[in-house]
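Given the structure is predicted, the values throughout are model-derived calculations rather than measurements. Reckoned from all heavy atoms, side chains included, excluding hydrogens, waters and symmetry mates. Start at 1 and go down the list; that is how both ligands and their atoms are numbered.
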Amino acid sequence: MKRVIIDTDGGTDDAMALLLALRSPELRVEAITTVCGNVALEQATSNVLRTLRLLGEGPHPPVAAGAEAPLLRPLRTARHVHGRDGFGNATLRRGADGEPLYPPLRRPLLKQRGDELILEIVRANPGEISLITLGPLTNLARAAERDDGGMRRAKEIIIMGGAFETYGNVTLTAEFNMRVDPEAARRVLELGIPATFVPLDATNRVVLTPAMLEPHLGVAAGSEAAGGGGGALAAFVREITGVVMAYEAERRGQPGCTMHDPLAVAVACVPEMARAVETRVLVETKGEYTAGQTIADLRPRRASQAAAAAPQARVCVEVDAARFFAMFEERVLKG
Ligand code: BDR
Ligand code: CA
């Protein structure tokens, strides 16, 4: 079983990724850390606690809040995509009894900061911990600033981020998680921990549609019971994806929610789900128009050339979308 720490910025697809991770027998989630990104840190953290509560009162992995701002830049959120609360405004909704539909788990957060917790767990378990990052890499970079040798004891990093042979989703060249904190991404890559990128090149191929949710909506919205079951998780997914589905319908003429973060979790569970190219990844930090761009040579090469390029990463370029959705349906939507 893979022992993982999940670092998340509390958006719609982050929540689905957490549900998938916590219901995957291949993974043991040692901790969840939060980072600003899709929304401000406080909202990201409360969204994680709301997601955990859907799985019942626990026990759950410890949760620690991390960075409130990128290393050097002001935060740019994605509230226009994920809703004001990062959850398609579902947290603002109330049930028939007037109570919030998705209250957070009532449990104190760890006093430790996210970067401290990551470092503590990695240091105590050399070569054992896989880090799954679903947001900007600020917490990991901060942990590296504290003790880069300690962070190098991580087994691997699975990064949802980057856009290589496709357009970015915030600028023409940059994917959101890389664009929010390019300096952090660069710092983390410099650690040389084996990294797997799950970039837009792969995630753009896994798009959840309303038709996929429909068969699983066993209960009416507003009657979701904590603990899952009876379509509760599918109903939650429908609620939180409403805004992003509408956003996509406007932009592309079809409602859909790209499953960026859940795909990163699925690849952590079953690496064969994606075809990856071994290469060297660089992150642009200076470009006036290209900050956050990820750069790698993905062309087929002779072994000698590949060795000369000193690969430090695997970049997922193709994905078995049917296998991904079968997994998501079985583990989350039927829950
Ligand atoms: C990434 O950015 C965020 O909007 C999503 O949660 C995902 O982690 C996709 O570019
Ligand atoms: Ca995310």
Are the side chain of R23 and the backbone of V332 linked by a donor-acceptor contact shorter than 3.5 Å? no

Scan side-chain atoms only and decide if D14 and N38 contain a donor-acceptor pair under the 3.5 Å cut-off. yes

Atoms of ligand 1 close to L134 [distance to a heavy atom under 4.0 angstrom, numbered from 1]: 8 (O)

Near N169, which atoms of ligand 1 are under 4.0 Å from a heavy atom of that residue? 9 (C), 10 (O)

Just jot down the ligand 1 atoms closer than 4.0 angstrom to any heavy atom of M160, in number order. 1 (C), 7 (C), 8 (O), 9 (C)

From the candidates T133, N204, D13, N38, the one that places a heavy atom nearest atom 4 (O) of ligand 1: N38

Test item: side-chain donor near acceptor, D7 and T33, under 3.5 Å: yes

Is M327 close to L20 at the side-chain level, that is, under 4.5 Å between some pair of heavy atoms? yes

For ligand 1, note which part of D14 has a heavy atom under 4.0 Å away: side chain, backbone, both or neither. side chain

I need the O(L134)-the Ca ion (ligand 2)-OD2(D261) angle, rounded to 10 degrees. 90°

Just go through E175, R179, H260, M16 and tell me whose heavy atom is the nearest to atom 10 (O) of ligand 1. E175

Is the Ca ion (ligand 2) less than 3.0 Å from at least one N/O/S atom of D14? yes

Would you say N139's side chain and T34's backbone share a donor-acceptor pair under 3.5 angstrom? yes

Do R187 and E145 sit within salt-bridge range, that is, some charged N less than 4.0 Å from a carboxylate O? no

Can you name the N, O or S atom of D9 that is closest to the Ca ion (ligand 2)? OD1

Can a side-chain donor-acceptor contact be found between S130 and E156 if the only test is distance below 3.5 angstrom? yes

With heavy-atom distances below 4.0 Å as the criterion, list the atoms of ligand 1 near F176. 2 (O), 3 (C), 4 (O), 10 (O)

Distance only, no hydrogens: is a donor on one side chain within 3.5 Å (strictly under) of an acceptor on the other, for Q112 and E120? yes

Nearest protein heavy-atom contact for atom 8 (O) of ligand 1: which residue, which atom, what distance? D261 OD1, 2.7 Å

